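Let me begin by handing over the structure; questions about it come next.
Basis for what follows: all heavy atoms, side chains included, without hydrogens, waters or symmetry-related copies. Note that the structure is a prediction, hence the values are computed from the model and not measured.
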Amino acid sequence: MSRFFTTGSDSESESSLSGEELVTKPVGGNYGKQPLLLSEDEEDTKRVVRSAKDKRFEELTNLIRTIRNAMKIRDVTKCLEEFELLGKAYGKAKSIVDKEGVPRFYIRILADLEDYLNELWEDKEGKKKMNKNNAKALSTLRQKIRKYNRDFESHITNYKQNPEQSADEDAEKNEEDSEASSDEDEDEDGVSAATFLKKKSEAPSGDSRKFLKKMEDEDEDSEDSEDDEDWDTGSTSSDSDSEEEEGKQTVLASRFLKKAPTTEEDKKAAEKKREDKAKKKHDRKSKRLDEEEEDNEGGEWERVRGGVPLVKEKPKMFAKGTEITHAVVIKKLNEILQARGKKGTDRAAQIELLQLLVQIASENNLGEGVIVKIKFNIIASLYDYNPNLATYMKPEMWQKCLDCINELMDILFANPNIFVGENILEESENLHNVDQPLRVRGCILTLVERMDEEFTKIMQNTDPHSQEYVEHLKDEAQVCAIIERVQRYLEEKGTTEEICRVYLRRILHTYYKFDYKAHQRQLTPPEGSSKSEQDQAENEGEDSAVLMERLCKYIYAKDRTDRIRTCAILCHIYHHALHSRWYQARDLMLMSHLQDNIQHADPPVQILYNRTMVQLGICAFRQGLTKDAHNALLDIQSSGRAKELLGQGLLLRSLQERNQEQEKVERRRQVPFHLHINLELLECVYLVSAMLLEIPYMAAHESDARRRMISKQFHHQLRVGERQPLLGPPESMREHVVAASKAMKMGDWKTCHSFIINEKMNGKVWDLFPEADKVRTMLVRKIQEESLRTYLFTYSSVYDSISMETLSDMFELDLPTVHSIISKMIINEELMASLDQPTQTVVMHRTEPTAQQNLALQLAEKLGSLVENNERVFDHKQGTYGGYFRDQKDGYRKNEGYMRRGGYRQQQSQTAY
Amino acid sequence: THRPHAQMIPSAEAMASRKEGTGSAATSSSSTTGPAGKGKGKGGSGDSAVKQVQIDGLVVLKIIKHYQEEGQGTEVVQGVLLGLVVEDRLEITNCFPFPQHTEDDADFDEVQYQMEMMRSLRHVNIDHLHVGWYQSTYYGSFVTRALLDSQFSYQHAIEESVVLIYDPIKTAQGSLSLKAYRLTPKLMEVCKEKDFSPEALKKGNITFEHMFEEVPIVIKNSHLINVLMWELEKKSAVADKHELLSLASSNHLGKNLQLLMDRVDEMSQDIVKYNTYMRNTSKQQQQKHQYQQRRQQENMQRQSRGEPPLPEEDLSKLFKPPQPPARMDSLLIAGQINTYCQNIKEFTAQNLGKLFMAQALQEYNN
């Protein structure tokens, strides 16, 4: 191959010499001299196309030539300049390139330049000798080309893999150029023609040599396959190559076979452009072609007719005729896999190769074992495609991956005799012995888990408000289906551990979804039982609740890793809570004792825990259990970091505190958007429950100096509301709640109600509940009750007695409810009153101290402490004497106590004696 | 907490003018002010220079008007009293208000203002001698540091000056509340020293009862005005005269209690502070004692071994005594508490009387 390079560069130098002339000379000048002519008009049209393309390409080639010259004289500065120009020129030629594919010569110069620069870079000695400008240019250029080449990575690797073709092509290219210029310079042309010939004659042998290396068992068909392969690579790797060859063929065809071109009619239009170039070449080449004809002896003919469509997508793999056996395929597989993870490997190409291999294997009926094995590897390399954990799969890759896994599952289901497992050693694999069960190393579960993670990653990285997200979300069904299949598969074959894992996956995809069907079924009670049963049969069997129950119970029973169980419990609770099964959810939460040790869990589990707690709180709220709701939400809400704690976004505040790494980690923890819990809903639920608790409490302890607040957050909101200099009608959810609280404080439940439940709040919050109307009714009732309590607390001092009927009218509650509420208040000693049954009135006792009395009591208390403090000062002054007073006082007190209580008892005991 | 007192400062120039004024006053009525001069001379010995304050009706009205127009709630109004000293009697014949302080006009020159006012008043032949200042109060909470400092600087510059405290709330209830206070000579001494440590106060023998002395007030009107008053009294309706019989007064008591409680809290804190100080001092004393003992023992040993004794060290450097807390604040608080208590006592006594009266009336009616 090195020889190709040398020849290549030879011809190159020549062509670069002739290149200068080429610029000045009109391109179409030598048309007239062509002995072989096609019809005139056809040529005309073609000429137009040609000039557009060639103009750009000429520009490029000129620049490339200068670069090569500069490379030769080690003028890196020049190289840099030219390279920049080249980049610009390429940009201009972009439209053509898009149509034609990247020209080989362009890739070639990029690759060569990079190699050359690396060489220079390595050469420490030479670098030292270099002058300053050059050294500087060298480093800049090196960086630039590295960056630039990244866009052409696949092309360059392609080129590097089979440089001889491109060299070949390049040589021909040069040849062309030189031919074009040869009108004026016959000698030179002769030389280049000679070089070309030399090269061309060697090319096939080179090919075959390379091929020989690859294939051990080359049989008599080798010639065929060689041609085949030659052709294939050409067509896939570079269009220009095939065009070139086709061009040749057309030439041949036009000479020998009139009908030949028709076979190629369906080829790209671009080829036509090449055709006339080839024709132009033709008279110069005729001699050479004769030789070539002899060389190839019909090989090229067969190519044209034969496997064009079939082999087109296949890069070199096996010789066509090679007997494809297990050994061969496995060997090839290992060969491909060896490159995996290495630096220069083109991961995309690898995947392609593997896919081809599968195709070959299936075509040759190598058995499912091999296919399964290769499929495993395809999926693995799909996952490998992104070198970075943070980046997510491209959609097409993702699709491929899903398909692949589906296919794999198909195979596994179809062939129950295949055993898959990660514990099967490479050596003990059985891929083809059909008599025994097939054994393949690989873990389907791991693949699926990884797939699930990839899915999460995709969702995390998609803008949740875009159509794209919806598109991606559609894949969720597919993911679920796959997980379900794996679950079915593993239920038959897997270990309990694996089953637990796959169950957890299933659970994770189920727990957050509200089961509308089951809900519907619940709503339509079994009045028309036969009909609903029918419906049930239609609505594919299992309620998600039943499913969750089954999966979770299995995990509770069988799982040995704590984490899976914890997750399962949390999901189970979440699911219960989501479906308003409050008592089950609460009991499970309490029984699991998760609250005690959740702080030792890893962050994702903690996030899940937080989510569960929040869901639990919201569930309690829906059931009208405000206190429970408040308690459940308190932890999350009081920190003011609900967003962060639920994994629904990063806080800006702490953005400065963490570094990039931490941020990345945190980003990976985020919950995808479709799992989010609405934060406004959460806050609203919390605030409303706080309001229902706090307002009556505040009213009850109005004059208490040492009252505690139940909810700091709520008080904060109230204070914010108070601080407003001008109070407009409420806009936000919080303002609504604050306004409602104020109304409630006055016992004005109607205003409170209208603030809590109205159009705005419905849209923002209440409609988000599955049973919105039920929740609203519950809320109204709660508001009425708590307003009544507040009213009684606040205004009881004004009344001597109040009729319960009046109260029931005021708060639109029925009499028994009012009765029960007041009774409860009396029992709890919140309200000093008694019920007068015959008149249905509440009679206030007025045992509560008045404001003045309260103040006086407080003052007395304070004075007490003041005196105590003062006495301590006295202690200091008096030193030892201080004790005397104390003792005496204590003694007095004791005495008093004795008189009061002990004495009585003593008397009693005396009488008993 | 709610008294944005501006400190009243008699300006140097005011003092100068005052000095000059007293000079002129002395010359003008030299024959009559003999005892006053004597009183002045005796000021240091314990007796106050002023035995009585005589206020013109005009001054009272002006003060009331000032508050009504400018003061509200906890806001306090202040002004300057003008008059002259006649024997041991301070006659206040005129006054002018001080503009309210706001954040905006921080560069307002009070001294300049006072001077201008007095000069202008002199031009229209009004008494222009600076004899003190007045201040309104909110539920009698005037015993503060600011008032102390102001009055001290007044009394320091103009010995006879008094501060008039006007309580608008009590006045609104039907009885004019206007009181004249002076710092006792003892307190003056202490303030001059600027040493408020416990020892200094002890030495000065100051208690909260002996901080301020109240000077009796006489309101004097011209005969013509007296005649007019009699006329008016005849004409006014009965209801107007008996505001002080109003029974609704719980709010007043509540407020007083609240304020009293706040003060008690402050007092408590102050005592705790003092306690800590005491404990620290005694602890240090102990340490010091121990250290000395150890020193002594060591020296004894050294002596027995024939070595020279250790050099004497400055103990005060080793044991820095803790900073004694200023006791003036607690004195003031105690004074304030005393005022509140008196207020409450007075108030409740009055109210009880009123209630008994009401009861008796009711019984009589029934």
Rounded to the nearest 0.5 Å, what's the gap from CD on A/Glu868 to CD1 on B/Ile271? Could you check? 11.5 Å
If you count every heavy atom of other residues, nucleotides or ligands that lies below 6.0 Å from A/Glu812 atom CD, does the total exceed 12? yes
Rounded distance [0.5 Å steps], CG in A/Asn869 versus CD in B/Gln269: 10.0 Å
Looking at A/Met810, I want to see if its CE is surrounded by more than 12 non-hydrogen atoms of other residues, nucleotides or ligands under 6.0 Å. yes
Could you name each residue pair satisfying side-chain hydrogen bond (donor to acceptor under 3.5 Å, both in side chains) that touches residues 356-366 of chain B, not counting sequence neighbours? none
Just verifying a value: how many Å separate A/Lys862 NZ and B/Glu266 CD, rounded to the nearest 0.5 Å? 11.0 Å
Reference residue B/Leu260; test side-chain contact (heavy atoms from CB on, under 4.5 Å); the match among A/Leu859, A/Leu855, A/Leu863: A/Leu859
Atom CD of A/Gln853 with >12 non-hydrogen neighbours under 6.0 angstrom: yes
